[in-house]
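Here the structure comes first, spelled out in structure tokens, and everything after it is commentary.
Being a predicted model, the structure only gives us computed values, none of them experimental. So that the names make sense, note that chain A is the first sequence line, chain B the second, and so on, each numbered from 1.
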Amino acid sequence: GESVGLHLPTLSVQEGDNSIINCAYSNSASDYFIWYKQESGKGPQFIIDIRSNMDKRQGQRVTVLLNKTVKHLSLQIAATQPGDSAVYFCAETTNRDDKIIFGKGTRLHILP
Amino acid sequence: GAGVSQSPSNKVTEKGKDVELRCDPISGHTALYWYRQSLGQGLEFLIYFQGNSAPDKSGLPSDRFSAERTGGSVSTLTIQRTQQEDSAVYLCASSFDSGVSLEKLFFGSGTQLSVL
């Protein structure tokens with residue numbers, strides 16, 4: 001079936017460096033993509049989203065890139081901080097009436 | 001309340017017993033989702049309510065699982081005859097459908113279910 005998945009289950013990054021978390025999706029009909037951050041013991045929190053008519057969107061210290069040709073999504077975090085330690089999930093949906101499907105997640109570990 | 005509220009936060013039950021998990025979404029949010037998260041795993045979709053439409057139950061793993069949403073607000077997820085493999089964190093999320101697009105999900109902190 002259709003799925004959203006991630007290339008790396010765990011990513012270790014030096015504090016201050018940039019982090020790049022990748023996600024591959026297989027449903028070509030998906031037109032809305034979202035990144036969520038989940039800290040230990042909490043529910044996921046929205047970070048940033050992007051629609052299929054865009055290839056890049058920037059937020060505060062975060063950038064999401066979408067490449068529909070290869071069905072690839074990435075989250076870039078600039079100047080990674082200890083507070084960025086969490087599990088990051090990408091998610092997709094096909095339209096506003098469809099369910100939102102999450103990938104398996106990548107754990108981001110910040111090295112001091 | 002200000003956010004999505006789930007209760008109880010922790011539930012320990014014996015195999016074979018029924019459990020009910022409650023979700024209070026953000027007021028005015030028309031969409032409500034239930035997800036299951038096993039230890040160290042991703043979010044597994046269970047069920048989705050959107051306004052007055054029939055719920056999307058395609059993610060429910062067996063007929064032991066059911067959910068309802070009363071009055072378009074509070075939702076209850078019921079697991080009958082619980083099994084040890086049901087042990088997980090059950091997350092509820094809600095969002096506002098603006099009529100143009102589905103807005104971002106707001107998650108509760110989840111219910112940690114442990115089946116002994």
Are A/Tyr88 and A/Tyr25 co-members of a hydrophobic cluster defined by side-chain heavy atoms under 4.5 Å apart? yes

Consider only side-chain heavy atoms of I, L, V, M, F, W and Y, link residues closer than 4.5 Å, and tell whether A/Phe89 and B/Tyr48 are in one cluster. yes

So which part of A/Gln45 gets closer than 4.5 Å to some heavy atom of chain B, the side chain, the backbone, both or neither? neither

Any residues in residues 106-116 of chain B near chain A, with a heavy-atom distance under 4.5 Å, and which are they? B/Phe107, B/Gly108, B/Ser109

Of the backbone (N, CA, C, O) and the side chain (C-beta and beyond), which part of B/Glu44 lies under 4.5 Å from a heavy atom of chain A, both, or neither? neither

Tell me, side chain or backbone of B/Leu91 under 4.5 Å from chain A's heavy atoms, or both, or neither? side chain

For the hydrophobic clusters of this structure (ILVMFWY residues joined by side-chain heavy atoms under 4.5 Å, transitively), does one cluster hold both B/Phe65 and B/Val74? no

Same cluster for A/Leu108 and A/Leu65 if Ile/Leu/Val/Met/Phe/Trp/Tyr side chains link at under 4.5 Å? no

With A/Phe102 as partner, the option from B/Tyr35, B/Tyr33, B/Phe45 fulfilling ring-ring contact (aromatic ring centres under 6.0 Å, His included) is B/Tyr35

In the single-linkage hydrophobic clustering (I, L, V, M, F, W, Y; side-chain heavy atoms under 4.5 Å), do B/Leu32 and B/Leu77 co-cluster? yes

Are there over 12 heavy-atom neighbours, none belonging to A/Asn53, within less than 6.0 Å of that residue's CG? yes

Within residues 81-90 of chain B, residues adjacent to chain A where the heavy-atom gap is under 4.5 Å: none

Counting only non-hydrogen atoms closer than 4.5 Å, does B/Ser58 touch chain A with its backbone (N, CA, C, O), its side chain (CB onward), both, or neither? side chain

Would you check if B/Leu43 and A/Tyr36 make a side-chain contact, meaning some heavy-atom pair closer than 4.5 Å? no

